[in-house]
Amino acid sequence: MKNFFENIWTKRFVSVIAALYTVGVCCLSYFSVFYSIHVRDKVSLCIVVSAISVIALILMLYTRKQLLTRISSFLILTAMLPVVLLYFGEKELLIPIILTGVFILLLSGAGEGTKTLVGTIILLMYIFGALGYFLFTSFFITSAKTEVIESGLSPSGRYRYSVVNTEDTSNGSTSVYIEPNYADVTYPFVTFKLKNMELIVYHERPVCEEINLEWTNQTREEITGELTSITKDIDVTLTESELKEFGYTVDNQLEIANVNIYYLLEAGLTAKDVNPIRLDDLNEQQLAVFDIGRDNSGKYYVLEPLEELLSRAKKSAGETVYLSELDSKGIETFNQSHLDEFGYTLFDIEKDYTVPLNELNNEQIASLGVSESGDVLSFNGKVCFRFYVAELEDYFNIDSRKFSIDLLTS
């Protein structure tokens, strides 16, 4: 048995198991940045974390001379810095891990000089990190007195809502917040809630004296009818593959924008035509003004492609360069080949990825991820939230992980 525990391969294998503790600490560091923590049972959490930490410490001490364990001893305290700053009040979680990190750093098999250097660097990181975080939260974050008037779940349980009154020097305000109820990560004794998922769907000044929230369930077809009856100008942004699937071509979506006034007049247009103009709305003579032609199949091509554009499109002189074949750099090259005397583009050809909502049928809308039916919220008789719009516009993209300053204050 003694030979087994003294075997180098045994220690290497155990060091890999012990390193899983460091991986867990790094995951906790990630969660501290993107999730807020809600501990349901502090005592139980402390016991479990302490037990895991003691086991990890024993394994690391047994393999303290292994390279992987030495690396782990340096990483634990480093990875815990954001956890300490953002979860500072959760001592039952922090203390066992911090103590484990300190002990393994001091008792690791690294040389004294290395441990002193790394320890000093980590200490300075904590000092300057804490100081910077304190200054940031003290001087750059404005605090306002808020009161949650009402909160709860939507009938389907898919969304959480809260009505918040804010007191300020402008007679205050009332806001309605919606956030997904399906983005939480739940473990025994603790729940992590994804930060920055709250969406303000209603805001009114001054503070509302009367608050009447009403949740209803509506179908996809009902909401489509309501939205298109309000206005015909609602556009839906699609991907290139979705456009193709729905029968749209790149040529259908090409438009011209930022047109020089003299080119507008030459094309028989007026200064009122300031919005992007679809190429489909122009005739052959108007298209020629912009160095564009249209073949019998409705595809648009460049009338006089320059050598740089030919090279970009991998075409030879005399070959047709179709706009639909050009990537974003190719379109930019075409635009840059038409400049005024000051070096500004005379017009810009763009690809529009939006289509009117009223052109899509129920099956197409369903394929975009909109559920058959769902929750609709009205505040004092006014509709302020529809599941339909939230899913269509991807309001709650729970898979996105973009770092922002707001994550440090949530």
Side-chain angles (χ1 to χ4, degrees), residues 233-269 271 273-357 359-360 364 367-369 392-395 397 399-404:
D233 297 328
I234 300 177
D235 290 329
V236 179
T237 302
L238 306 178
T239 63
E240 199 156 320
S241 60
E242 288 169 342
L243 285 169
K244 185 177 180 180
E245 180 184 347
F246 294 166
Y248 296 92
T249 65
V250 174
D251 292 279
N252 295 146
Q253 302 305 115
L254 289 173
E255 60 184 20
I256 188 168
N258 306 321
V259 185
N260 181 286
I261 183 63
Y262 298 107
Y263 267 57
L264 274 176
L265 298 176
E266 187 178 350
L269 303 170
D273 298 309
V274 293
N275 291 324
I277 307 165
R278 287 291 174 96
L279 297 190
D280 283 350
D281 296 331
L282 301 178
N283 59 38
E284 304 295 331
Q285 292 73 28
Q286 291 172 323
L287 287 170
V289 173
F290 303 107
D291 193 21
I292 298 172
R294 179 166 49 207
D295 65 15
N296 294 331
S297 65
K299 295 183 66 176
Y300 296 100
Y301 60 91
V302 182
L303 291 176
E304 298 180 5
L306 300 181
E307 184 177 345
E308 184 180 359
L309 184 62
L310 288 170
S311 176
R312 183 76 200 178
K314 297 180 180 178
K315 300 276 188 176
S316 302
E319 289 187 284
T320 303
V321 177
Y322 287 99
L323 292 177
S324 59
E325 298 174 342
L326 298 176
D327 58 14
S328 58
K329 289 292 185 181
I331 294 292
E332 182 181 349
T333 301
F334 174 74
N335 292 334
Q336 290 296 320
S337 65
H338 301 83
L339 304 176
D340 61 16
E341 62 270 25
F342 301 106
Y344 295 103
T345 55
L346 293 166
F347 55 85
D348 293 318
I349 298 297
E350 301 173 347
K351 293 180 182 179
D352 182 23
Y353 291 92
T354 64
V355 298
L357 177 62
E359 290 185 5
L360 301 179
Q364 290 172 329
S367 69
L368 296 177
L392 194 61
E393 297 295 328
D394 201 12
Y395 282 168
N397 185 3
D399 296 321
S400 66
R401 295 293 185 274
K402 295 181 180 179
F403 182 81
S404 66

| said: When you measure from the side chain of Glu359 to the backbone of Pro356, do you find a donor-acceptor pair of N or O atoms at a distance under 3.5 Å? | reply: no
| Salt bridge between Asp251 and Arg294, side-chain N to carboxylate O under 4.0 Å? | no
| Minimal non-hydrogen separation, Ala288 against Leu303, with atom names | CA-CD1, 3.8 Å
| query | Taking it one step at a time, do Tyr262 and Leu346 satisfy side-chain contact (heavy atoms from CB on, under 4.5 Å)? | reply | CA-CA 9 Å; Tyr262 298 107; Leu346 293 166; over 6 Å; no
| request: Would you confirm whether Ser311, through its side chain, and Glu307, through its main-chain N or O, come within 3.5 Å as a donor-acceptor pair? | output: no
| field | Nearest non-hydrogen partners of Tyr248 and Val355, listed with the distance | value | CZ-CG1, 3.7 Å
| Does a sphere of radius 6.0 Å around CD in Glu308 hold more than 12 heavy atoms from other residues, nucleotides or ligands, not counting ones at 6.0 Å or beyond? | no
| For the residue pair Leu243 and Asp352, what are the closest heavy atoms and their distance? | CD1-O, 4.4 Å
| field | Straight-line distance of Asp281 CG to Ile256 CD1, nearest 0.5 Å | value | 12.0 Å
| When you check the side-chain N and O atoms of Tyr353 and Glu240, is any donor under 3.5 Å from an acceptor? | yes
| query | Under the 3.5 angstrom rule, does the side chain of Glu242 hit a backbone N or O of Thr239 as a donor-acceptor pair? | reply | yes
| Pair Glu325 + Lys315: basic N to acidic O under 4.0 Å | yes
| note | dist Asp291:CG -> Leu306:CG (nearest 0.5 Å) comes out at 7.5 Å
| request: Report the relative orientation of the aromatic rings in Phe347 and His338; use parallel for angles under 30°, tilted for 30 to 60°, perpendicular for over 60°. | output: tilted
| message | Looking at Asp280, is its backbone amide N or carbonyl O close enough to the side chain of Tyr300 to form a donor-acceptor pair, meaning the two atoms are under 3.5 Å apart? | response | yes
| task | May I have the step-by-step check of side-chain contact (heavy atoms from CB on, under 4.5 Å) for Ile292 and Phe334, ending in yes or no? | result | CA-CA 10 Å; Ile292 298 172; Phe334 174 74; 4.0 Å; yes
| message | Checking the side chain of Glu350 only, and the main-chain atoms of Glu255 only, is there a donor and an acceptor separated by less than 3.5 Å? | response | no
| message | So does Asp348 get a backbone contact from the side chain of Thr345, meaning a donor-acceptor N/O pair under 3.5 Å? | response | no
| Side-chain (Asp235) to main-chain (Thr354) donor-acceptor, under 3.5 angstrom | no
| query | Does Asn252 use its side chain to pair, donor to acceptor, with the backbone of Thr249 at less than 3.5 Å? | reply | yes
| note | When rounded to the nearest 0.5 Å, the distance separating OG of Ser337 from CD of Glu332 is 11.0 Å
| request: With side-chain hydrogen bond (donor to acceptor under 3.5 Å, both in side chains) as the test, would you mind laying out the steps for Tyr344 and Asn258 before giving the verdict? | output: CA-CA 10 Å; Tyr344 295 103; Asn258 306 321; over 6 Å; no
| Where the side chain of Ser367 meets the backbone of Gln364, is there a donor-acceptor pair that is under 3.5 Å apart? | yes
| request: Give, for atom CG of Leu368 and atom CD of Glu245, the distance between the pair rounded to the nearest 0.5 Å. | output: 8.0 Å
| field | CZ-OG distance between Phe246 and Ser241, expressed to the nearest 0.5 angstrom | value | 9.0 Å
| remark: Leu279 and Leu323 have their tightest heavy-atom pair at CD1-CD1, 4.1 Å
| request: Please report the C-alpha distance between Tyr263 and Gln286 in whole Å, then the side-chain angles of each, then the deciding distance to 0.1 Å, and finally whether the side-chain hydrogen bond (donor to acceptor under 3.5 Å, both in side chains) criterion is met. | output: CA-CA 10 Å; Tyr263 267 57; Gln286 291 172 323; over 6 Å; no
| query | Under the side-chain contact (heavy atoms from CB on, under 4.5 Å) criterion, do Phe290 and Leu282 qualify, and how do the steps go? | reply | CA-CA 11 Å; Phe290 303 107; Leu282 301 178; 4.1 Å; yes
| request: Taking all non-hydrogen atoms of both residues into account, name the closest pair between Leu310 and Ser316 and its distance. | output: CD2-O, 3.8 Å
| said: Show the nearest heavy-atom pair for residues Leu339 and Asn335, with the distance to one decimal. | reply: CD2-O, 4.2 Å
| said: Working to the nearest 0.5 angstrom, can you tell me the gap between Leu357 CG and Leu392 CG? | reply: 7.0 Å
